[in-house]
Amino acid sequence: MSTLQATTVGCPHCGRTNRVPVAAEGRPACGQCKQPLPWVADAGDDDFTEVAERADIPVVVDLWATWCGPCRMVSPALEKVATDLAGRIKLVKVDVDRNPRLAQRFEVQAVPTLLVLDQGETVARQTGAAPAPALRQWVEQSITPRER
């Protein structure tokens, strides 16, 4: 995996399209208005360490599967949380069917399973879908000790 891989993200503040690397130091900001950008990336067995565990900010990991209805429902809610908390978290999505080593490592029994990682260590875990406000509250409670 190379840190040259990137996704394009529309700035929620000014609308400008920005390239955001899937793995990098720091926090992505808009090239035009300098506001924090939502950071959403996919990761797998081979690049999870670089994309998620080496991040400078807390990482919300979405362990999901394509066949899972609740996973499809929670995905937009997580993306909203990533947008609302831009600059404070990174959202990393992992398809457990395509990445069985990560599913085994994190002992995924049901999907979606959500984790919050702080410097590679699991600090919170939740299984099942929830609406965006509940997810945001869970994420904020999980990252608050680090931000103090």
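- More than 12 non-hydrogen atoms from other residues, nucleotides or ligands lie less than 6.0 angstrom from CD of Q35.
- The side-chain heavy atoms of T7 and V22, taken from C-beta on, include a pair separated by under 4.5 Å.
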Identify every side-chain donor-acceptor pair in residues 91-99 under 3.5 Å, counting partners at least two apart or on other chains, and give the distances.
from	atom 1	to	atom 2	distance (Å)
K93	NZ	S75	OG	2.7
K93	NZ	E79	OE2	2.4
D95	OD1	D97	N	3.0
D97	OD2	W67	NE1	2.6
N99	OD1	D45	N	2.9
N99	ND2	D95	O	2.9

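- Looking at heavy atoms from C-beta onward, R105 lies in side-chain contact with F48 at the 4.5 angstrom threshold.
- Here the side chain of W138 pairs no donor or acceptor atom with the backbone of A130 at under 3.5 angstrom.
- Ion pair R27/D56 not flagged as a salt bridge, since none of the NZ, NE, NH1 or NH2 atoms sits closer than 4.0 Å to an Asp/Glu carboxylate oxygen.
- Atom NZ of residue K90 and atom CG of residue L85 lie 15.5 Å apart, to the nearest 0.5 angstrom.
- E53 contributes atom CD, which lies 12.0 Å from atom CD of Q119 (distance to the nearest 0.5 angstrom).
- Across every non-hydrogen atom of A129 and P112, the tightest pair is N-CG, 3.9 Å.
- Put simply, the side chain of I143 reaches to within 4.5 Å of the side chain of R88, judged on heavy atoms.
- Going from atom CZ of R125 over to atom CG of L63 covers 7.5 Å, rounded to the nearest 0.5 Å.
- Of all heavy-atom pairs spanning N18 and A29, the tightest one is OD1-O, 4.2 Å.
- Between L78 and the choices I89, V139, L114, the side-chain contact (heavy atoms from CB on, under 4.5 Å) rule is met once, by L114.
- Proximity of R136 to K80: side-chain heavy atoms (C-beta onward) are nowhere separated by under 4.5 Å.
- With contacts defined as side-chain heavy-atom distances shorter than 4.5 Å, the pair W64/V74 does not qualify.
- With a 4.5 Å cut-off on side-chain heavy atoms, T113 and Q126 do not count as touching.
- In terms of heavy-atom proximity, C33 sits nearest to C30 at N-SG, 3.5 Å.
- With sequence neighbours left out, the salt bridge (charged side-chain N to carboxylate O under 4.0 Å, His left out) criterion links R101 to D46.
- Between V40 and A82, the shortest heavy-atom distance links the atoms CG2-CB, 4.0 Å.
- Taking CG of D62 as the start and SG of C71 as the end, the distance is 6.5 Å to the nearest 0.5 Å.
- A heavy-atom distance below 4.5 Å is found between the side chains of L117 and V61.
- If you chain together hydrophobic residues whose side chains sit under 4.5 Å apart, V123 and V81 fall into the same group.
- Checked for salt-bridge contact, E25 and R54 miss the test: no charged N lies under 4.0 Å from a carboxylate O.
- In this structure, V9 and P28 have side chains that are not in contact, with every pair of non-hydrogen atoms separated by 4.5 Å or more.
- The nearest pair of heavy atoms linking A77 to P131 is CB-C, 4.4 Å.
- Smallest separation of non-hydrogen atoms from V111 and A65: CG2-CB, 4.2 Å.
- Remark: T122 OG1 to L115 CG distance equals 5.0 Å, nearest 0.5 Å.
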